[in-house]
Every structure is written in structure tokens, then in C-alpha cells.
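Some notes on the structure that comes next.
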Amino acid sequence: MAFRFQMTMTAMTLAALGTLATGAAVAADAPPLVRQINNGNWLSQTEAESLRDELFYQRAVHAYMTMLPALNTIGMRDGSEAVFGKGYDVLPIWKDRMDSRTWVPTPNADVIYSMSYLDLKKDGPLVVAAPPNVIGMFTDFFQRTITDVGLIGPDRARGGLYLLLPPDYTGEIPQGYFAFKSSTYNVLLFFRTIMKKGTNGPDPGPAVALAEQTRVYPLWAAEKDLKPMQFPNASGRRINMMYPVDSSFWSKLKEFVDYEPASAIDPELSGVLASIGIVKGQPFKPTGKQPQLLQKAVETAPKMILAQRQLGRPDGRDRYYKDRQYLNTWASGTSEWLQEGYTDITQRSSYFQIAFSSASAMVMRTLDAGSKYPFTLKDANGSFLTGSNVYRLHLPPNPPAKLFWAVTAYNITDGTMTEAPQQLPSINAFNDVATNSDGSVDLWFGPQKPAEVPESNWIQTVSGRNFLVALRLYGTGVEFFDQTWKPDDVVKVR
């Protein structure tokens with residue numbers, strides 16, 4: 001019996017060894033993924049949990065970058081309504097121009113801004129009576145253009161009645177309106193009116209008066225029940241209209257997803273949001289490591305976007321000129337960031353980190369009607385602009401801007417205006433700017449005004465902080481498009 005037992009054990013051992021040998025041989029010929037992943041076996045519990053957390057984090061970064069256009073608008077709405085209140089009848093106007101005390105991405109201090117936030121779910125279809133000669137737009141809350149307003153819009157700068165319809169509207173569309181359906185209940189109204197040249201610079205009065213002709217009212221409301229318009233002056237006040245930089249990014253995103261129709265977000269992106277716990281109509285309750293991972297994403301994602309902007313596009317298609325540093329923030333695409341065959345998601349997130357609103361009139365090559373915004377991060381030598389240095393920008397004579405030109409300095413991280421004791425870091429064609437004998441203009445940037453430079457030609461910067469310079473050309477002429485007129489690069493003087 002003992003002999004037979006010993007023989008049986010030996011046989012079993014040999015069989016086991018044979019199985020292992022056979023298994024090793026089979027593994028060498030196994031399918032690729034079997035060989036790649038742990039020889040076809042489950043991961044360790046620790047590795048599986050680590051990879052799950054990493055995927056959650058990556059999805060959160062993707063969600064941040066993709067949803068930034070909406071959170072950008074939500075930040076503007078929440079900041080505005082916290083100060084001025086909400087409602088279709090509330091239209092804040094920066095009547096004394098916008099300056100660095102308003103925190104909003106790349107604002108234009110050289111036109112009069114009117115901005116409000118309409119709720120088609122609460123108020124139903126809304127009519128907006130737009131004044132003539134407005135440069136404006138309506139966008140949904142993803143900042144997808146519903147329509148331009150003004151010279152490029154259907155009213156052709158004559159003014160008109162715009163009818164904004166909710167995404168689920170199925171009723172009759174009455175005649176007599178420029179009617180458009182929004183993909184979100186929330187809509188951004190963004191109007192700009194142009195100042196006149198006054199005795200000592202721009203005169204905002206006529207532009208404000210024009211903006212105050214705007215009327216907004218529900219389509220089905222009786223005239224006796226309409227609320228009178230309110231036009232609070234937003235100038236000269238500290239207003240934070242920036243998108244969130246902390247965990248409130250996610251809670252505000254969840255509120256947005258719950259409020260808007262499911263159709264506002266395509267199913268694949270909804271799937272990304274669902275993978276981090278944001279599902280329409282369901283509680284959002286991050287557990288375990290998820291709150292820390294969401295916080296990490298909201299801190300790291302903007303750095304990733306900034307890094308992309310800092311390193312630049314490998315294809316160089318965002319460069320306006322072969323021999324200048326100026327960039328095109330749409331990278332030669334469309335106002336929807338379409339390139340040939342794809343949506344440029346990197347360029348889109350780069351834009352919404354420092355800017356808001358994108359409309360056809362801002363991108364189309366329209367003569368004497370649209371607008372162009374070449375900007376530069378670097379001086380003529382390719383070094384990043386920093387507020388500790390002194391720079392000069394030379395604009396050749398006759399800038400191709402039928403309406404006006406303007407130059408503004410902005411913070412690189414979020415597009416807010418550089419905030420120094422000089423609170424209006426912008427100079428435009430309506431200013432009493434000193435010109436050279438040939439009609440050209442030299443503008444200066446620095447923390448202190450150079451002694452030889454007139455006050456009218458100096459923009460103050462913040463020492464130790466990088467900045468960018470944006471040139472705006474409203475009513476862009478053919479000389480810009482065929483590049484017979486080009487701005488000089490910014491030159492470091494000292």
C-alpha cells in the first residue's frame with residue numbers, strides 16, 4: 001500500500017509538472033491580450049482599485065475640458081445675478097465701459113457691453129427687440145451660436161424682433177420674427193454697441209442709449225403684464241463672473257445637467273458624465289476617493305489646458321502670419337472649432353479658458369462688417385511677455401478697421417484684464433492717442449510709464465506676471481485678409 005501510495009503521489013506530481021509546462025507553452029501561443037494582461041488572470045485587488053481610480057480621474061479631466069464652455073457661461077450668469085438679480089427684464093449694461101474690476105474672460109473695454117441670461121424653461125418663448133447697429137449674438141449655454149445679431153445677423157444692423165424658442169417647443173411659430181430654437185433652456189444674450197468719438201476720447205453715451213432700447217418679454221404675455229426693463233450700471237463694481245475653480249465646478253455642472261433637457265448633451269458625453277456620477281435626475285454622491293479625485297481634476301485640468309497653450313500647436317495653423325507672433329484663437333477653423341473632418345477639442349478648451357462667446361461674425365472673413373482678434377503671447381524674439389518689462393507695439397498707418405481698432409492687455413491664465421492702478425488696460429481708435437507723422441501709432445506696455453511716453457499711449461502691466469496683448473479690428477478691411485497691412489510684433493525695450 002505504501003509503495004502504491006508513493007507511486008500515485010509521484011504520478012500526480014509529474015502530471016502537475018506536465019500541466020505547468022504545458023501551461024507555459026500555451027501562454028506563449030496565447031492571444032495577445034492574454035499575454036499582455038497578467039497571463040490571462042485577474043489583477044491584484046490593489047492594482048484593480050488603483051486603475052479604477054485613475055480612470056475616474058481621467059474621465060473627470062475629460063469632463064472638465066468638454067464642459068468648460070457651459071461652466072464658463074454659468075459662472076458669468078451666477079456672478080451677474082448675485083449682484084443685479086435675475087429675470088428676463090434685467091439687462092446689466094457697463095455704461096462707463098468695462099474695466100479690470102469685472103472678472104470675466106477677455107472682455108472688450110472698447111465697446112459697451114450688455115449681457116443677460118434668459119430662461120426659456122421658466123418664461124417660455126421670449127421675444128428680444130434688438131436695437132439697430134448692435135454687434136451681438138444669442139448662444140445656448142454651451143456657447144453654441146443660436147444666431148448673430150446685427151450686420152452679420154438676419155436684421156442686417158436694422159434691428160428687429162428675435163423669437164427664442166425652448167428646445168422642446170412644438171407649437172406654432174408666429175410670423176414677423178427672426179425665430180430660432182435653442183438647444184438649452186438657458187440662453188446668453190450678448191450685445192455690444194459702439195461708442196462715438198468724444199472731445200477727449202470715447203463717448204459711451206450714445207452707445208448706452210442704444211443698448212437701453214433693448215426689450216425682452218414673453219411671447220404670450222399681455223402687454224399690461226410685462227415687467228419694465230431694468231438696466232443697472234455694471235461699471236466700477238467688483239463682479240466675479242468667472243467659472244468655478246473648486247469642487248463647486250461639479251455641483252454646478254450637476255445642476256445644469258438636471259435642469260436642461262437630455263437632448264442638450266450628446267449620449268457619449270452624457271456617458272462620460274455618468275462615469276463620474278453625474279446622471280440627470282439621480283443623486284450625485286461621490287464616495288471613497290472620488291471627492292479627492294474630482295478635486296485633483298479641477299486643479300490639474302486647467303494646468304493641462306494652459307500647458308497646451310504655452311507649448312503651442314505643432315501644426316502652426318493658429319499663426320496669423322509666417323513672420324509674426326500673432327495667433328488666431330480659432331486656429332483658422334470655424335466659430336464651432338470645426339477643422340476638416342473633426343472638432344478641434346483642444347483648441348476649443350484653450351479658447352474657453354480665457355474667452356467667452358463665439359459667433360460666425362468673429363471668424364468669417366467678412367469685409368467691413370465682421371471683426372478679427374489677432375493676439376500675441378510673445379515678443380518679437382519669441383519670449384513670453386512679462387509685466388516686469390517695458391515693450392513697444394508699432395501699428396502701421398491706416399489699420400483696416402472700418403469701425404475702430406483697440407489694443408488690450410490680459411492675464412494669460414483666465415483672460416481677465418490685467419489689474420493695476422490703471423484699471424482700464426486698453427487703448428482704442430477713439431482715444432486721444434499720440435500718432436507719428438506718418439499716421440502710425442506706438443503703444444507702450446510696462447509697470448511704470450516710460451518718461452518719454454505720453455499717458456494716452458501707455459498700458460500698465462503687473463510686475464512679475466505674464467500677460468498677452470490682443471488687437472481688435474472691428475469692420476475688418478481687405479488689407480488685413482490679404483496681409484498688406486500687418487501689426488508689428490511687440491518689441492522688448494528694456
Side-chain angles (χ1 to χ4, degrees), residues 56-80 103-107 115 117 137 139-145 183-184 186-188 190 240-260 264-266 268-278 284 293-311 313 318 329-331 333-339 342-359 362 410-416 468:
F56 183 93
Y57 167 68
Q58 290 184 16
R59 293 266 174 83
V61 168
H62 179 61
Y64 179 100
M65 292 185 176
T66 310
M67 298 301 295
L68 186 56
L71 269 295
N72 182 310
T73 325
I74 290 167
M76 292 193 298
R77 178 199 64 190
D78 292 352
S80 175
W103 292 344
V104 71
T106 50
M115 297 168 63
Y117 311 88
M137 67 194 75
T139 76
D140 70 9
F141 256 39
F142 282 102
Q143 301 199 48
R144 296 173 295 210
T145 306
S183 62
T184 59
N186 287 284
V187 171
L188 168 65
F190 178 33
N240 181 4
M241 299 173 66
M242 294 300 302
Y243 47 86
V245 296
D246 55 19
S247 59
S248 65
F249 186 98
W250 307 111
S251 58
K252 287 182 180 292
L253 174 55
K254 179 59 166 66
E255 292 173 3
F256 175 74
V257 169
D258 283 343
Y259 196 79
E260 295 294 344
I265 305 175
D266 70 69
E268 185 165 343
L269 179 53
S270 293
V272 173
L273 299 180
S275 71
I276 61 172
I278 297 177
F284 177 48
L293 295 171
L294 290 170
Q295 181 63 29
K296 179 183 176 183
V298 84
E299 293 172 354
T300 307
K303 290 182 181 179
M304 291 177 172
I305 299 172
L306 184 69
Q308 293 275 13
R309 294 172 46 224
Q310 177 176 339
L311 298 174
R313 292 179 64 98
D318 57 339
T329 192
W330 290 272
T334 70
S335 60
E336 301 88 2
W337 289 273
L338 296 178
Q339 307 292 4
Y342 66 96
T343 299
D344 196 333
I345 59 175
T346 298
Q347 196 68 31
R348 183 179 62 189
S349 63
S350 296
Y351 180 91
F352 283 110
Q353 184 171 65
I354 61 168
F356 76 93
S357 78
S358 176
M362 305 167 81
Y410 296 103
N411 293 313
I412 61 160
T413 49
D414 58 8
T416 53
L468 65 87

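Keep in mind that what you see is a predicted model, and the values were worked out from it rather than measured.
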Query raised in the report: Taking Phe142 as the fixed residue, which of Phe352, Trp337, Phe256 is the one that meets the ring-ring contact (aromatic ring centres under 6.0 Å, His included) rule?
Result: Phe256
Report task. Please name all residues satisfying side-chain contact (heavy atoms from CB on, under 4.5 Å) with Ala297, sequence neighbours left out, ordered by chain then number. Result -> Tyr57, Ala60, Val61, Trp250
Query raised in the report: If only atom types and distance count, is the side chain of Ser80 paired as donor or acceptor with the main-chain N or O of Met76 below 3.5 Å?
Result: no
Query raised in the report: Are any side-chain N or O atoms of Gln339 and backbone N or O atoms of Asp344, one a donor and one an acceptor, separated by less than 3.5 Å?
Result: no
Query raised in the report: Could you give the distance from CG (Leu294) to CD1 (Ile278), rounded to the nearest 0.5 Å?
Result: 7.5 Å
Requested in this report: Give, for atom OG1 of Thr413 and atom CD1 of Ile305, the distance between the pair rounded to the nearest 0.5 Å.
Outcome: 12.0 Å
Query raised in the report: Can you name the residues that form a side-chain contact (heavy atoms from CB on, under 4.5 Å) with Thr334, not counting sequence neighbours?
Result: Glu336, Leu338
Requested in this report: Using the side chain to side chain contact (heavy atoms under 4.5 Å, CB included) rule, pick out the option among Arg313, Arg309, Met65 that qualifies with Ser350.
Outcome: Arg309
Query - Shortest non-hydrogen contact between Asp246 and Val298, atoms and distance - result: O-CG2, 3.7 Å
Report summary line: Smallest heavy-atom separation, Tyr243 atom then Leu71 atom, equals CB-O, 3.5 Å
Report summary line: Note: Met137 and Ser357 closest approach over all heavy atoms is SD-CB, 3.6 Å
Requested in this report: Kindly compute the distance separating NZ (Lys252) from CD (Glu255), expressed to the nearest 0.5 Å.
Outcome: 6.0 Å
Query raised in the report: Do Gln310 and Ile412 touch side chain to side chain, with heavy atoms closer than 4.5 Å?
Result: no
Query raised in the report: Mind checking whether Phe141 and Arg77 have side chains closer than 4.5 Å, heavy atoms only?
Result: yes
Query raised in the report: Would you find a donor on one side and an acceptor on the other, under 3.5 Å apart, between the side chain of Glu260 and the backbone of Ser183?
Result: no
Query - The single option from Thr416, Asn72, Asn411 passing side chain to side chain contact (heavy atoms under 4.5 Å, CB included) against Pro105 - result: Asn72
Query raised in the report: Which pair of heavy atoms, one from Arg59 and one from Val272, lies closest together, and at what distance?
Result: O-CG1, 3.8 Å
**Report entry** Contact summary for Ile276 and Phe284, nearest pair of heavy atoms
**Finding:** O-CE1, 3.4 Å
Query raised in the report: If only atom types and distance count, is the side chain of Ser335 paired as donor or acceptor with the main-chain N or O of Ser358 below 3.5 Å?
Result: no
Query raised in the report: Is it true that a side-chain atom of Gln347 and a backbone atom of Thr329 form a donor plus acceptor pair closer than 3.5 Å?
Result: yes
Query raised in the report: Who passes ring-ring contact (aromatic ring centres under 6.0 Å, His included) against Tyr410, sequence neighbours left out?
Result: none
**Report entry** Basic-acidic side-chain contact under 4.0 Å: Lys254, Asp258
**Finding:** yes
